[in-house]
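What you see below is based on every heavy atom in this structure, not just the backbone, and it leaves out hydrogens, waters and symmetry mates.
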Amino acid sequence: MGDSALRGHKNWFVQKIVLQRILNKCILRPMRELLETPINRGKVDQLQRLLSAAFAEVLRRGYYGTASVEISIQDGTIQHIRSKLERIEK
């Protein structure tokens with residue numbers, strides 16, 4: 001299915017279904033396969049815990065600053081997760 005699959009369709013619903021199929025086939029399925037490796041699954045769990053802790057720290061009154069997360073990936077495998085919280089004192 002390519003762009004030619006959308007040509008001639010007047011119904012937006014049909015176009016939406018076609019686009020969802022393209023998205024699933026080309027992007028989501030390969031992404032899910034890489035996500036389901038044991039290493040990536042563990043790193044994603046670690047990332048979710050890290051984000052929860054960071055949000056608990058920064059999403060409150062009185063916090064001024066920045067929060068960043070960097071994910072290093074090599075050949076589809078998450079290698080490192082780096083996080084940084086910078087607080088501005090007013």
Identify, with sequence neighbours excluded, every residue that meets side-chain hydrogen bond (donor to acceptor under 3.5 Å, both in side chains) alongside [X].
X     : answer
Gln74 : none
Arg49 : none
Gln79 : none

Check: Would Gln46 and Ile81 satisfy side-chain contact (heavy atoms from CB on, under 4.5 Å), going step by step from the backbone distance to the final call?
Finding: CA-CA 9 Å; Gln46 180 184 359; Ile81 300 171; 4.2 Å; yes

Nearest-0.5 Å distance that lies between atom [atom1] in [X] and atom [atom2] in [Y]:
X     : Y     : atom1 : atom2 : result
Glu70 : His80 : CD    : NE2   : 10.0 Å
Arg87 : Tyr63 : CZ    : OH    : 7.0 Å
Ser68 : Glu86 : OG    : CD    : 7.0 Å

Item checked: N/O donor-acceptor pair under 3.5 Å between Asn40 side chain and Thr77 backbone -> no

Check: Does CD1 in Ile39 sit with more than 12 non-hydrogen atoms of other residues, nucleotides or ligands closer than 6.0 Å?
Finding: no

Next item on the list: Look at the side-chain heavy atoms of Ile, Leu, Val, Met, Phe, Trp and Tyr, link any pair under 4.5 Å apart, and say whether Tyr64 and Leu59 land in one connected group.
Entry: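 The answer is no; the residues belong to distinct hydrophobic clusters.
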
Margin query: Grouping I, L, V, M, F, W and Y whenever their side-chain heavy atoms are under 4.5 Å apart, do Val58 and Ile88 come out in a common cluster?
Written below: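 No.
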
Next item on the list: Check whether any side-chain heavy atom of Leu47 sits under 4.5 Å from a side-chain heavy atom of Ile71, and report yes or no.
Entry: yes

Notebook entry, point to check: Which heavy atom in Leu50 sits nearest to a heavy atom in Ser83, and how many Å separate them?
Noted result: CD1-OG, 3.4 Å

